[in-house]
Amino acid sequence: MKKNAKIAVIGSINMDLVIKAPRIPLPGETLLGRDFSMIPGGKGANQAVAASRFNAEVQMIGCLGEDAFGQSLLHLLQQEGIDTRHVAVLPDVSTGIALITVSDEGGNTILLSSGANARLTPEKVRQAEEAIEVADILLLQLEVPLEAIEEAVLLAKRHDVCVILDPAPARPLPSALLQKVDIITPNETEANILVGREPSDTVDPALMIKSLSAAGVRQTILTAGENGVYYQAADTVVHSPAYPVQAVDTTAAGDCFNAGLAVMLAEGRPLDEAIQFAQKAAALSVTRFGAQPSLPMRAEVEQMDVRG
Ligand code: RIB
């Protein structure tokens, strides 16, 4: 097995402004919440931090604003041992902000102001080509412009680098992009949107994986929260049940899953083993509050009790 997987992450870096509340407010409702916290987040940065905690060598590519949040987030990424030479700090734009409500059941809503994340251009991605070239796996999500994602995928394919795309936040994607990605990891809502269905339509995992395969996707790993994960292996769709945990906050669970999957695959582990590690890591993360503070260390995942 390979040690020290090399992971490149292209994506968002946000400051999460989080209020805990008894439940998610209804449209038009003012609801009395509880504690307020400022927590480092952003799907890209969360993936980078998790991959680093799983012992990978991580390069982050993204954009911050030249403000107090940007400074603090950059410093935190560096403290995690992440190579930030391709994180641009841009004047005249604010750092990305996520306004998050976390309910007592552990669910959340997230409202995003992209800020500097929206300034990640294909040109900036090209400037980071060397980071992509040396990576075993490139991790992508959709909180940065699609043109930047498309450029990143082209560069990764030029250098024969495996691409894992978490299609979140959900949006339709060009089939040319879907065909180039090696693995996508949608949840049910995201999968529905990718195949042109209504976001809340009921999903039959096997049919969904077939539809995505017909759209050109090579490997779908469908994440279904507490119902576990579904993926194609040889001729069958495998169901890997979730690890039962008491949810405190699901924020960043998907990011943690993708990072775990990437690091294990980059180390040469088989897909089923990689998925189980990723599921354990994500399960641990939902037992803790916040995005990056909830992401476990590798040893914690490896020592986690088996399902039961
Ligand atoms: O996936 C969770 C993340 O989504 C949060 O940290 C928030 O910043 C949003 O980007």
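These values consider heavy atoms only, across backbone and side chains, with no hydrogens, waters or symmetry-generated copies. For ligands, and for the atoms within them, numbers begin at 1 and follow the listed sequence. Being a predicted model, the structure only gives us computed values, none of them experimental.
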request  = For the pair S52 (side chain) and V49 (backbone), establish whether a donor and an acceptor sit closer than 3.5 Å, ignoring hydrogens and angles.
outcome  = no
Please could you name the atoms of ligand 1 that [X] approaches to less than 4.0 Å, counting only its heavy atoms?
X	result
G41	6 (O), 8 (O)
A98	7 (C), 8 (O)
N46	2 (C), 3 (C), 5 (C), 6 (O)
E143	4 (O), 9 (C), 10 (O)
A291	6 (O)

task = Mind running salt bridge (Lys or Arg N to Asp or Glu O under 4.0 Å) on K210 and D204 for me, showing each step along the way?
result = CA-CA 10 Å; K210 212 169 155 194; D204 176 318; over 6 Å; no
task = With side chain to side chain donor-acceptor pair (under 3.5 Å) as the test, would you mind laying out the steps for Q232 and S213 before giving the verdict?
result = CA-CA 10 Å; Q232 182 92 36; S213 167; over 6 Å; no
Tell me which protein heavy atom sits closest to [atom], plus the residue, atom name and distance to 0.1 Å.
atom	value
atom 2 (C) of ligand 1	D255 OD2, 3.3 Å
atom 8 (O) of ligand 1	D16 OD1, 2.6 Å
atom 4 (O) of ligand 1	K43 NZ, 3.2 Å

ask   = Looking at E123 and R126, does any basic side-chain N land under 4.0 Å from a carboxylate oxygen?
value = yes
message = Between R34 and D104, does any side-chain N to carboxylate O distance fall below 4.0 Å?
response = yes
key: Ring geometry between F277 and F54 (parallel below 30°, tilted from 30 to 60°, perpendicular above 60°)   = perpendicular
inquiry  = G42 versus ligand 1: do any nitrogen or oxygen atoms come within less than 3.5 Å of each other?
reply    = yes
query = What do you reckon, does S12 have a nitrogen or oxygen under 3.5 Å from a nitrogen or oxygen of ligand 1?
reply = no
ask   = What do you reckon, does A252 put a non-hydrogen atom under 4.0 Å from ligand 1?
value = yes
query = Of N258, T220, T223, which meets side-chain hydrogen bond (donor to acceptor under 3.5 Å, both in side chains) against T185?
reply = N258
Side chain to side chain donor-acceptor pair (under 3.5 Å) between D255 and Q47, intermediate numbers included = CA-CA 5 Å; D255 309 329; Q47 290 185 341; 4.7 Å; no
